[in-house]
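First up is the structure itself, then whatever we jot down about it.
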Amino acid sequence: MGGTLVLRIEDTDQKRNTEEAVQVIYDGLRWLGLDWNEGPQMGGNYGPYFQSQRNDLYEKHLKTLQDKGVVYEDEGSIRYRSPRQPVTVRDMVCGTITFDRAMEPDMTIRRPDGSWIFHFVNVVDDIEMKITHVLRGEDHLSNTPKHIELYNALGFEPPNFAHIPLILNRDGSKMSKRDDGASISTYIEQGYSPEAVRNYLCLLGWSPKDNREVIGIDEVVSLFDLEKINRRNAAFDLDKCFWINGQYIHTMEMDRFADLSIPFIEKAGIQFGSREQLLPVLTIVKEKIKLFRDVPEWISYFFTEDFAYDEASVEKNLRKPGALEHLAALQEAFGSVSAWDAATIEAKLKETAVARGAKTGELIHPTRVAASGRSVGPSLYHMLEVLGKNRVLARMEKTIKQFGAVA
RNA sequence: GACCCUAUCGUCCAGCGGUUAGGACACCGCCCUUUCACGGCGGUAACACGGGUUCGAAUCCCGUUAGGGUCGCCA
């Protein structure tokens, strides 16, 4: 379909107009990959792109209405006199709807202090910016007849309208700015990947019709069709968004994974040295990650000897008859190997287990706790390989000393 | 209250006159497995209700009910 995406900041209400609020809009849009072609920071031929700076335009169109005698003053405000004739909205999603306007009150278009009301400036801007398609939430469907009246009074053809379903909370209530999931910043903070969130959002009110859930934006764009938009409001399901995020991480390129992980790792204060030193670690934990926020927790012990031993893991795996003896034997066996790769480590561990008449798991679990302080982590053999022989032997030594004394 | 929109598993979607009503998330089993995940297999679970139309309705029409929206000198 193509088209030009115009970003316009509707800041006619000075009370709510703050720089942070605008920044949040820029950040959220950019993060989602919804870069605008025309608007603030991008320029364009129909600026300025802040309504607060377009007063001349509004004055100009107000004059048109005054000349036609369809506005009047009411307690200092300016109001538009509705013709009170039926208005038919031809909506690309909702179809043709005729509103009987007979009882409608006249709308205010300008306050006594000179500031403008949304409906009027919106119509003026859409005219001036040559907007062809107005796609907006269904909450505006009932406002559309008012807008059409304004287009007519101003002497312009209304654009195409498409009203799309709203997003509700999980309990069916209307989602507002402060509800869970409503703000893009929470996805950024929690470590969702932008492509996953965008994918999830695309599935609300639309689908590729073939039961696929994970679908790239390029394909969404090529398959998208306003006719296929649902008319039913959708409830936001964070669980599913979370799942889709996991799917994206699963198939993500390592470099992309690193790019998205690093901000969280740095924020956690982990000194990982260079990206080259970090990559092997990320490679073996990637399949465990569901949210980038969790990355630091999964990799911390790779970059410090000062890690804590999880008490429950110690209890379960180290304070068991024979555990430390197995560990000591394995430490010795590891010390004798020349190569240090996952395959060698695995072979040596299994060989040691057999020699000691123990099950593989009886060596694996204590070793994991000795090397990482915890019982959950990536594949043990790969973990030991990445950790390096010297550090592994030292950690085993330390563990035996620390827990042997009290055993 | 008036007007508008909507109505399939708990949730998101598929279905567009004839299906054992399908997929996904979540949930519950089992399998895989060095942990945790991934993955695989299976299961629970829905056409809001009442009238029509039709040989036949989840699908079409009407009503009821329910939910959402608009009716601002908010956007």
Side-chain angles (χ1 to χ4, degrees), chain A residues 9-13 15-17 51 74-79 89 91 93-95 97-105 107-119 121-122 136-146 163 165-175 177 200-214 228 230-244 246-247 249-251 285-290 298 313 316-317 346 349-350 353 359-369 372 374-383:
Chain A
I9 303 300
E10 311 200 321
D11 54 354
T12 56
D13 185 356
K15 292 184 287 292
R16 299 195 303 182
N17 178 25
Q51 289 183 331
D74 178 23
E75 291 177 18
S77 316
I78 297 178
R79 309 187 72 163
V89 175
D91 189 280
V93 171
C94 303
I97 305 159
T98 298
F99 292 80
D100 164 62
R101 305 271 301 152
M103 306 296 282
E104 291 305 313
M107 69 178 129
T108 302
I109 62 180
R110 191 175 203 179
R111 304 184 187 90
D113 68 359
S115 61
W116 306 91
I117 300 300
F118 162 78
H119 301 290
V121 293
N122 225 17
R136 43 156 59 153
E138 193 215 77
D139 50 342
H140 279 309
L141 184 57
S142 303
N143 285 326
T144 306
K146 285 193 284 205
H163 290 88
L166 266 18
I167 297 177
L168 309 177
N169 289 311
R170 200 51 214 269
D171 65 3
S173 62
K174 187 188 179 188
M175 185 177 259
K177 293 180 186 65
Y200 175 70
L201 260 15
C202 286
L203 261 22
L204 254 22
W206 177 87
S207 85
K209 307 292 181 196
D210 58 7
N211 286 336
R212 280 182 302 160
E213 315 287 332
V214 178
K228 300 225 173 67
N230 287 157
R231 297 173 68 175
R232 205 192 157 185
N233 290 160
F236 191 88
D237 183 359
L238 191 58
D239 284 337
K240 188 152 183 177
C241 185
F242 179 75
W243 175 78
I244 287 182
Q247 296 292 305
I249 288 179
H250 202 64
T251 57
V285 301
K286 176 168 167 278
E287 61 180 22
K288 313 292 181 184
I289 305 298
K290 307 289 276 296
W298 282 87
S313 301
K316 189 177 173 201
N317 300 295
E346 176 170 5
L349 185 144
K350 286 184 172 166
K359 284 187 286 187
T360 311
E362 290 180 79
L363 296 207
I364 284 177
H365 300 303
T367 305
R368 179 185 293 287
V369 178
S372 69
R374 56 188 78 175
S375 53
V376 175
S379 157
L380 178 73
Y381 309 124
H382 293 90
M383 180 176 116

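Side-chain atoms are counted along with the backbone in the values below, which use heavy atoms only and exclude waters and symmetry mates. Note on naming: letters A, B, ... go to the chains in the order of the sequence lines (proteins, then strands), and numbering restarts at 1 for each one.
Among the protein residues, A:Gly76 comes within range of no part of the nucleic acid, since none of its heavy atoms lies under 4.0 Å from any strand. Nucleic acid contact for A:Pro112: base, since at least one base atom lies under 4.0 Å from a heavy atom of the residue. Using a 4.0 Å heavy-atom cutoff across all strands shown, A:Asp74 reaches at least one base atom of the nucleic acid. A:Gln247 comes within 4.0 angstrom of sugar-phosphate atoms only, judged by non-hydrogen atoms across all strands, and of no base.
A search for side chain to side chain contact (heavy atoms under 4.5 Å, CB included) contacts involving A:Asn169 returns A:Asp171, A:Ser173, A:Met175, A:Asp179, not counting sequence neighbours. Annotation: side chain to side chain donor-acceptor pair (under 3.5 Å) contacts of A:Glu104 (sequence neighbours excluded): none. Contacts of A:Arg231 classified as side chain to side chain contact (heavy atoms under 4.5 Å, CB included), with partners at least two apart in sequence or in another chain: A:Val93, A:Cys94. In terms of the side chain to side chain contact (heavy atoms under 4.5 Å, CB included) criterion, residue partners of A:Pro165 (sequence neighbours excluded) are, by chain and number, A:Ile229, A:Asn233. Taking A:Arg110 as the reference, A:Glu59 meet the side chain to side chain donor-acceptor pair (under 3.5 Å) condition, with sequence neighbours excluded. By the side chain to side chain contact (heavy atoms under 4.5 Å, CB included) test, A:Trp298 is found to be paired with A:Val285, A:Lys288, A:Ile289, A:Asp294, A:Val376, residues two or more places apart in sequence or in another chain being considered. Residues forming a side chain to side chain donor-acceptor pair (under 3.5 Å) with A:His140 (at least two apart in sequence, or on another chain): A:Asn143. Residues satisfying the side chain to side chain donor-acceptor pair (under 3.5 Å) test with A:Asn317, not counting sequence neighbours, are none. Qualifying salt bridge (charged side-chain N to carboxylate O under 4.0 Å, His left out) partners for A:Glu138, counting only residues two or more places apart in sequence or in other chains: none.
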Output one line per pair: protein atom, nucleotide atom from nucleotides 68-72 of chain B, and distance, for all N/O pairs under 3.5 Å.
| residue | atom | partner | partner atom | Å |
| --- | --- | --- | --- | --- |
| B:G68 | O2' | A:Asn233 | OD1 | 3.1 |
| B:G69 | O2' | A:Asp139 | O | 3.3 |
| B:G69 | N2 | A:Ser142 | OG | 3.3 |
| B:U70 | O3' | A:Asn143 | OD1 | 3.2 |
| B:U70 | O2' | A:Asn143 | OD1 | 3.4 |

Protein-nucleotides 42-46 of chain B N/O pairs under 3.5 Å:
none

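Between the CG atom of A:Asp139 and the NE2 atom of A:His163 there is a distance of 8.0 Å, given to the nearest 0.5 Å.
Base-pair partner of B:A66: B:U6 (Watson-Crick or G-U wobble, both distances under 3.5 Å). B:U11 is paired with B:A24 under the criterion used here, namely a Watson-Crick or G-U wobble arrangement in which both key atom distances are under 3.5 Å. In this entry B:G18 has B:C55 as its Watson-Crick or G-U wobble partner, both defining distances falling under 3.5 Å. If you check B:G1 for Watson-Crick or wobble pairing at under 3.5 angstrom, you find it paired to B:C71. Nucleotide B:G29: paired with B:C41 (Watson-Crick or G-U wobble, both distances less than 3.5 Å). B:C47 is unpaired under the criterion used here, namely a Watson-Crick or G-U wobble arrangement in which both key atom distances are under 3.5 Å.
Nucleotide B:C25 carries an anti base; the chi torsion (O4'-C1'-N9-C4 or O4'-C1'-N1-C2) is more than 90° from 0.
B:C16 and B:A21 are spaced 14 Å apart, taking the C1' atom of each and rounding to whole Å. Comparing the same atom, C1', in B:U59 and in B:A7 gives a spacing of 13 Å after rounding to whole Å. Straight-line distance between the C1' atoms of B:A46 and B:G51: roughly 22 Å, to the nearest whole Å. Taking atom C1' in both B:U19 and B:A57, one finds a spacing of 13 Å when rounded to whole Å. Going from the C1' atom of B:C28 to that of B:A45 covers 12 Å, rounded to whole Å. Separation of the P atoms belonging to B:G10 and B:A48 is 11 Å when rounded to the nearest angstrom. Nucleotides B:G43 and B:A24 have their P atoms positioned 12 Å apart, rounded to a whole Å. Taking the C1' atom of each, B:U6 and B:A58 are spaced 16 Å apart, rounded to whole Å.
The side chain of A:Glu213 approaches B:G23 more closely than any other nucleotide in the set B:C4, B:A14, B:G23. Residue A:Arg170 has its side chain nearest to B:U11 when only B:A75, B:A14, B:U11 are considered.
Within a 6.0 Å radius of NZ in A:Lys316, no more than 12 heavy atoms belonging to other residues, nucleotides or ligands are found. The number of heavy-atom neighbours closer than 6.0 Å to NZ of A:Lys228, taken from other residues, nucleotides and ligands shown, is 12 or below.
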*Any chance you could list the contact pattern along nucleotides 26-34 of chain B? Use B for base contacts, S for sugar-phosphate-only contacts and - for none, protein heavy atoms under 4.0 Å, 5' to 3'.*
S-------B
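A donor and an acceptor atom, one from each side chain of A:Arg111 and A:Thr12, are nowhere located under 3.5 Å apart.
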